[in-house]
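In what follows, a structure is listed as structure tokens, so that the remarks can point back to it.
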There are 2 protein chains.
Amino acid sequence: MKHGSIVMAYRRTPRMQQRIDATRAQIADAARRLVAASGYAGTGIPEIARAAGISTGSIYRHFPSKAALFQEVFQKASRHEIAAFAQAAQVPGTAPERLAGMVETFARRALRGRTLARALLVEPVGPELDADRRRFRAPYQALIEEVLSEGMAAAELVPQDPRITSICIVGAIVETLLGPLSERSGCTQGTEEEEALVRALVETCLRAAGPRPQTPPRSE
Amino acid sequence: MKHGSIVMAYRRTPRMQQRIDATRAQIADAARRLVAASGYAGTGIPEIARAAGISTGSIYRHFPSKAALFQEVFQKASRHEIAAFAQAAQVPGTAPERLAGMVETFARRALRGRTLARALLVEPVGPELDADRRRFRAPYQALIEEVLSEGMAAAELVPQDPRITSICIVGAIVETLLGPLSERSGCTQGTEEEEALVRALVETCLRAAGPRPQTPPRSE
DNA sequence: CAAAGAAATGAAACACGGTTCAATTGTTAT
DNA sequence: ATAACAATTGAACCGTGTTTCATTTCTTTG
């Protein structure tokens, strides 16, 4: 040692922190793009590293494991979708009208971004991620449930358990999209068939919500 | 060679065939039990072999691959369930009545045989099997579709695309059961909560089918 | 500039699980 | 009994894809 003087070198500077955050974001973004193109199973760590312009090992400085990385990717991706869904829930109108808009929004967006939607909804992933994926569906269900509750309170909908109904609607949407999403892209892309599908789906979900047939009991 | 005589030895005897068939069944049974306990991903070939009391290699004399083995397991398991469902479809009554019975049958059976139902419906599996599993849902959907079509023809149900509606109903049932089936067994087993769940599910599915409100247009 | 130490590298190690195969055991027919 | 050949064994194989780690590069401070 050079005469007892302590040399304090390298404390993480804001500049550096920024750079690190940027890299982290780059990794997540590359992973999102790749998973949207090839699905979860078909996306390996080396590939992600290449796409992000860094080395394989570096990924593990930012994320403890592949599962953790994709947890974040899925979370971020679905946050985006949920935002769009929530926006559809906020348009003014009766409960049935709003519900119709929500279902249509969900279906249209999923059909447009097929591979990502498949990764988020149907593609088989490991058990850890699977639990998360179920958690991602909850917000959709919650938003639907709220609209149903409001509709019931306003006597626009028949009495029901809004929780179960909302779960059923989520299931109905997912199951209906499952077929088209599983096909190799380019098949059902014709707006013709898809249009009919979305229309029938919306109608069925509306019926499930149980709209009151006529305007409130002739109180006028 | 012993003086030109041809020695024809070992032709597969009925006795032997029986033994082989028994082994094959043992393998399938062990696989079914293990998959019900730990899921597809958590069930390896060596483990199955141990449970069946044979060697790993022998499995491949009976099944060409792990996927093929589980294909058979799933097929056998769901054949039984589908039979029960089809029986519920054949009771006499109006379309809504029959549909209610079918939905209830499905839900009750699934909730009773939790582990198997989970394996057939929810447990994540590889891509090859996933396609098969979807195929197993088709019979349920087809049976529902037929009832809906008949109901439409009899003017018991509003006009609709029975195919989409039936897909929605299947999705609604599965999604509703997904929660209870995922819980560690013993949780929601109380008949209390389950009863309410089944009732609400049946009601929602009935609404989705769109029953005509009053009996046929006052023709009397 | 030099020291200190973090961040990045990428090739290699490792884990996992399905599949194979040479050797062994078992069965049939003469 | 024995030839012929099927059935069985289980340890080794192999591909895949995640994770590690010794080395190098870069950033900060005295």
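Computed from heavy atoms alone, side chains included, the values below leave out hydrogens, waters and symmetry copies.
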Exercise for the section: Could you tell me whether the side chain of A:Arg108 reaches within less than 4.5 Å of the side chain of A:Val198, counting heavy atoms only? Expected result: yes
Handout entry: d(CZ, B:Arg24; P, D:dT8) in whole Å
Key = 13 Å
Practice task
Could you please name the option among D:dA7, C:dA7, C:dG18 that lies closest to any side-chain atom of B:Ile45?
Solution key: C:dG18
Exercise for the section: Measure the shortest side-chain to side-chain distance between A:Phe85 and A:Ile144 over non-hydrogen atoms and say whether it is less than 4.5 angstrom. Expected result: yes
Give me the distances for all protein-to-nucleotides 21-26 of chain C N/O pairs that come in under 3.5 Å?
none

Handout entry: Side-chain heavy atoms of A:Val174 within contact of A:Arg137, under 4.5 Å
Key = yes
Completion exercise
Between B:Thr56 and B:Ile20, the residue closer to the 5' end of DNA chain D by nearest nucleotide is B:Ile20
Handout entry: Phosphate OP1/OP2 of D:dT28: any A:Arg15 side-chain N/O under 4.0 Å
Key = no
Fill in the blank from the handout: When B:Thr43 and B:Met16 are each assigned the nearest nucleotide of DNA chain C, the 5'-most assignment goes to B:Thr43
Fill in the blank from the handout: From CG of A:Leu69 across to P of D:dG17 the rounded distance in Å is 16 Å
Problem - Integer-rounded Å distance: C:dG17 C1' and B:Ile59 CD1 - result: 13 Å
Handout entry: Note: A:Arg32-A:Asp29 ion pair, threshold 4.0 Å (strictly below)
Key = yes
Handout entry: Nearest-angstrom distance from the residue atom CZ of B:Phe70 to C1' of C:dG18
Key = 12 Å
Exercise for the section: Would you mind reading off the distance between A:Ile27 atom CD1 and D:dT19 atom P, rounded to a whole angstrom? Expected result: 14 Å
Exercise for the section: Verify the neighbour count for atom CD of A:Gln17: are there more than 12 heavy atoms of other residues, nucleotides or ligands below 6.0 Å? Expected result: yes
Problem - Euclidean distance, atom CZ of residue A:Arg61 to atom P of D:dC21 [Å, nearest integer] - result: 13 Å
Exercise for the section: Please state how far atom CD1 in A:Ile48 lies from atom P in D:dT19, giving the value in whole angstrom units. Expected result: 11 Å
Practice task
Look at the aromatic rings of A:Phe70 and A:Tyr40 and report parallel, tilted or perpendicular, splitting at 30° and 60°.
Solution key: perpendicular
Exercise for the section: Considering just the side-chain nitrogens and oxygens of A:His62, establish if one lies under 4.0 Å of OP1 or OP2 belonging to C:dA7. Expected result: no
Practice task
Taking only the side-chain heavy atoms of A:Lys66 (C-beta and beyond), determine which of D:dA6, D:dT19, D:dT8 contains the nearest atom.
Solution key: D:dT19
Handout entry: Euclidean distance, atom CD1 of residue B:Ile54 to atom C1' of D:dA6 [Å, nearest integer]
Key = 16 Å
Exercise for the section: For the side chain of B:Tyr60, starting at C-beta, report the closest nucleotide among C:dG18, C:dG10, D:dT18. Expected result: C:dG18
Handout entry: Residue B:Ser55, side-chain atoms from C-beta onward, closest of D:dT28, D:dA6, D:dG10
Key = D:dG10
Exercise for the section: Could you tell me whether A:Arg134 and B:Glu175 make a salt bridge, using a distance below 4.0 angstrom between a side-chain N and a carboxylate O? Expected result: no
Problem - Phosphate contact (C:dG5 OP1 or OP2) by A:Arg11 side-chain N/O below 4.0 Å - result: no
